[in-house]
Amino acid sequence: MIILGLETSCDETGAATVEGKSNSNKVKLLSNIVASSLPLHAKSGGIIPENAAREQIKFIIPVIKEALSKARLEMKDIDSIAITYGPGLIGSLLIGVETAKTLSYIYRIPLIPTNHLLGHIYANFIEPISNFKFRILNSAVPEFPAIALIVSGGHTDLVLMRQHGSIRWLGGTRDDAAGEALDKIGRILGLPYPGGPYIEQAAKTGDPNKFIFPRPLIGSNDFDFSFSGLKTAVFREVEAIKQLASPEGGLNNQTISDISASVQKTIIDVLVKKTVKAAKQYNAKSILLGGGVAANQTLRETFNFKLSTLNLGAQLFVPTKSLSTDNAAMIAATGFFNYKQINWQKVDANPSLYF
Ligand code: KG4
Ligand code: ZN
């Protein structure tokens with residue numbers, strides 16, 4: 001079965017094709033195209049939903065055409081269309097949903113409405129386009145029960161997955177998501193938007209133990225997170241440093257690096273601790289990471305190190321970096337493993353969709 005996936009929940013416009021066989025544990029990636037309006041939002045220091053939606057309109061058809069042509073496919077070869085119907089920005093979601101509905105109607109192709117958050121988990125069920133290096137890295141298949149940590153710009157959630165389609169939400173952030181905290185802290189440090197990758201870059205030359213920031217809920221009995229206090233603590237620290245500095249009150253590069261490294265460590269410590277706790281409690285055979293923050297190399301390495309030292313018996317899965325951030329391949333994969341076609345008339349965007 002060949003599935004065309006479409007993703008337009010925020011500032012990325014994605015179209016991808018995957019092939020899944022009835023007994024396969026992973027789908028095969030045929031093409032994966034992402035157009036991003038990020039440079040536009042970088043200028044405004046954050047996403048203006050209206051602008052993101054306008055960009056989606058510009059990109060959606062060219063991106064679909066390119067995804068088909070890269071895979072040497074035509075619409076007649078597509079068996080189903082998987083489309084993100086939430087959560088996300090309503091204007092952006094509508095472009096993808098209405099495009100998918102139109103294609104479904106014209107070409108008589110079944111539609112599979114798909115949860116974007118589930119998509120981040122299913123990025124771990126994709127066999128990337130033939131590449132010797134990746135083949136070795138990704139040859140294993142996640143086994144159940146699995147604990148999935150979704151760390152994106154808008155969400156930080158821990159879920160238990162007993163099998164495909166069986167998802168239990170264990171906990172999530174009570175305020176800012178990890179990515180959101182990184183983006184806000186990036187702004188405080190004067191880094192470009194989105195802060196996550198820039199903080200990762202700055203952290204490379206920083207001391208992660210220079211600043212001790214609060215780790216709320218790290219020892220709590222639940223699987224919840226809280227990151228808004230971290231942002232406030234960084235803000236106070238930066239204000240104090242500026243007061244002591246020259247009259248211009250700027251931050252020097254080393255301080256930015258030290259704060260970045262310390263913030264990164266704080267967030268990773270909490271994420272690892274809670275995920276390991278969930279994996280132990282539910283005897284997880286796999287730990288699946290997903291979402292833009294999972295592209296962070298230190299996060300990946302810390303998880304890897306922790307799991308190897310703890311001997312938990314759970315294998316770690318992390319998507320390639322391009323499959324960690326928003327893309328349509330993960331949506332197509334979700335559609336394949338949760339195949340439930342819905343008549344196009346009944347599909348609507350749902351910005352506040354959750355688990
Ligand atoms: O999953 P995603 O692409 O979009 C959403 O669904 O939100 O996640 C975007 C988030 C942003 O907060 C961004 O700063 C963060 O992922 N991010 C990173 C890195 N790359 C993206 N955070 C830390 N390190 C990175 N390398
Ligand atoms: Zn996302």
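Owing to the predicted nature of the structure, the values given are computational and were not obtained by experimental measurement. Atoms within each ligand, like the ligands themselves, are counted from 1 in listed order. Throughout, numbering of the chain's residues begins at 1 and tracks the sequence.
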- Would Q297 count as a contact of ligand 1 if the rule is a heavy atom under 4.0 Å away?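 Distance cut 4.0 Å: Q297 fails for ligand 1.
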
- Query: In terms of hydrophobic clusters joined by side-chain contacts under 4.5 Å, are V347 and Y354 together?
  - Reply: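 Cluster IDs for V347 and Y354 differ.
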
- Query: Is the Zn ion (ligand 2) less than 2.8 Å from at least one N/O/S atom of H120?
  - Reply: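 Yes.
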
- Taking 2.8 Å as the cut-off, does an N/O/S atom of H155 lie below it from the Zn ion (ligand 2)?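 Here the distance criterion (N, O or S atom, under 2.8 Å) is not met by H155, so no.
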
- Would you mind reporting whether L191 and I199 have side-chain heavy atoms less than 4.5 Å apart?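 When only atoms from C-beta onward are counted, L191 and I199 do touch, with a gap below 4.5 Å.
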
- Y85 side chain near D348 side chain, heavy-atom distance below 4.5 Å: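 Not touching, per the 4.5 Å side-chain cut-off.
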
- Message: Check this for me - ligand 1, G179, N or O atoms closer than 3.5 angstrom, yes or no?
- Response: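 Indeed, backbone or side chain, G179 has an N or O that close.
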
- Message: So, taking the atom named CD in E19 and the one named CD1 in I2, what distance separates them when rounded to the nearest 0.5 Å?
- Response: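 That separation rounds to 5.0 Å.
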
Please list, in number order, the atoms of ligand 1 under 4.0 Å from a heavy atom of [X].
| X | answer |
| --- | --- |
| P194 | 14 (O) |
| L182 | 22 (N), 23 (C) |
| H120 | 1 (O), 6 (O) |
| D183 | 11 (C), 12 (O), 13 (C), 14 (O) |

- Passing candidate, side-chain contact (heavy atoms from CB on, under 4.5 Å) with F211, options I241, V234, T266: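 By the side-chain contact (heavy atoms from CB on, under 4.5 Å) criterion, F211 pairs with just one of I241, V234, T266: I241.
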
When you measure from [atom] to each heavy atom in [options], which option holds the nearest one?
| atom | options | result |
| --- | --- | --- |
| atom 24 (N) of ligand 1 | I267, I150, N296 | N296 |
| atom 17 (N) of ligand 1 | G292, A294, G186, G119 | G292 |
| atom 3 (O) of ligand 1 | D326, L117, V151, I47 | D326 |

- Item | Residue and atom name of the nearest protein heavy atom (relative to atom 10 (C) of ligand 1), distance in Å to one decimal |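 Protein heavy atom at minimum distance: G153 N, 3.5 Å.
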
- Looking at atom 26 (N) of ligand 1, what's its closest protein heavy atom, distance included?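 The protein heavy atom lying closest is E200 OE1, 2.7 Å.
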
- Message: Looking at D77 and R72, is there a salt bridge between them, counting it only when a charged N and a carboxylate O are closer than 4.0 Å?
- Response: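 Looking at D77 together with R72, the answer is no, because their closest N to O distance does not fall below 4.0 Å.
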
- Message: Regarding E239 and R236, does a basic nitrogen lie under 4.0 Å from an acidic carboxylate oxygen?
- Response: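 Salt bridge between E239 and R236, a charged N being under 4.0 Å from a carboxylate O: no.
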
- Message: Can you confirm whether or not the ring centre of H164 sits under 6.0 Å from the ring centre of Y122?
- Response: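 Yes, they do, as the ring centres are separated by less than 6.0 Å.
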
